[in-house]
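On a predicted model such as this, the values are computed, not experimentally measured, just so you know.
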Amino acid sequence: MDATHKPTVSRDGFIYSDGKLYVEVDGHFHAREDAASLYALLTSTPPPPPLNKSGKPLRKKAKTDRDRDAHFYSAQLFHYGLVPRKTRASAKKGLLCAFRDKTLEVPRAILELENALSKEWHKVNLNSQRSNKRRLADTNPQEYEYEELVPAKKARSIDLALKGKSLDEIAEEIDALAVEKAYEMFPHFLPVGQGISRER
């Protein structure tokens, strides 16, 4: 999870960001693994150790053959409403027992929490995007994109209005729309007593 660029919301030990629910264990963030993938991890048999040129096993395991860390399995226990465990062996055992007893499922309370955090996150993210756009327009108005100044619902009417016009006329129309929208967003730049005519 990249918490430096995306907003996050959290509650009851869970963190939601960019469409996923995470659990933090020992400074590591883990999303929920689906049951099929989790079972494959828990029941996989590691391949034989690679051999060196003389036919002897290498002391160090290849990176692709290593098991997931303890904090990953502990996070999965939390995601599925089970008691987290510190060591990898005990955490894997807890998950395997849930599979064996056919009790591994995401509790309803966690699903409801995930849905609530999703709605909350989308509101926070939208406000963050709006704030960033306003800050960009305030600090670098000349770099503020035209498409950001013109609402999407005006796009079709603008396209029809510009048909058959010369490039100079189109440029004037675009400049006028951009200035009008800029003053609507930042009225403090408009001289006192001066309004904007909407007549064309």
- The single option from Gln76, Lys86, His71 passing side-chain contact (heavy atoms from CB on, under 4.5 Å) against Val25: His71
- With rounding to the nearest 0.5 Å, note down the distance linking CG in Asp18 to CG in Asn125. 7.5 Å
- Task: Working to the nearest 0.5 Å, report the span between CG of Asp26 and OG of Ser74.
- Result: 7.5 Å
- What is the ring orientation for His30 with Phe72, classed by angle as parallel under 30°, tilted 30 to 60°, or perpendicular over 60°? perpendicular
- Item | Tyr80 OH to Leu95 CG distance, which is reported to the nearest 0.5 Å | 8.5 Å
- Query: Sub-3.5 Å donor-acceptor pair from the side chain of Arg32 to the main-chain atoms of His79, do we have one?
  - Reply: no
- Task: Could you tell me whether a side-chain N or O of Trp121 sits under 3.5 Å from a main-chain N or O of Pro7, the two making a donor and an acceptor?
- Result: yes
- Note on the structure: side-chain contact (heavy atoms from CB on, under 4.5 Å) with Leu113: of Asn115, Leu117, Leu111, only one passes, and it is Leu117
- Verify side-chain contact (heavy atoms from CB on, under 4.5 Å) between Asp12 and Ile110, making sure each step is shown before the conclusion. CA-CA 10 Å; Asp12 299 339; Ile110 292 180; over 6 Å; no
- Message: Given 3.5 Å as the limit, does a donor-acceptor pair link the side chain of Ser37 with the main chain of Asp34, or not?
- Response: no
- Query: Would you say the side chain of Asp69 lies within less than 4.5 Å of the side chain of His28, judging by non-hydrogen atoms?
  - Reply: no
- Output for pair (Leu41 CG, Tyr73 OH), nearest 0.5 Å, gives 4.5 Å
- Note on the structure: Distance col, row Phe29:CZ vs Tyr22:OH, nearest 0.5 angstrom, shows 9.5 Å
- Where do Ala70 and Arg88 come nearest, in terms of heavy atoms and distance? CB-N, 3.5 Å
- Message: Return the CG to CG distance between Leu42 and Leu96, rounded to the nearest 0.5 Å.
- Response: 4.5 Å
- Message: Counting only heavy atoms from other residues, nucleotides and ligands, does the tally under 6.0 Å from CZ of Phe78 exceed 12?
- Response: yes
- Task: Could you check if a side-chain atom of Glu114 sits within less than 4.5 angstrom of a side-chain atom of Val106, using non-hydrogen atoms only?
- Result: no
- Are Tyr16 and Thr8 side-chain neighbours, meaning at least one heavy-atom pair lies under 4.5 Å? no
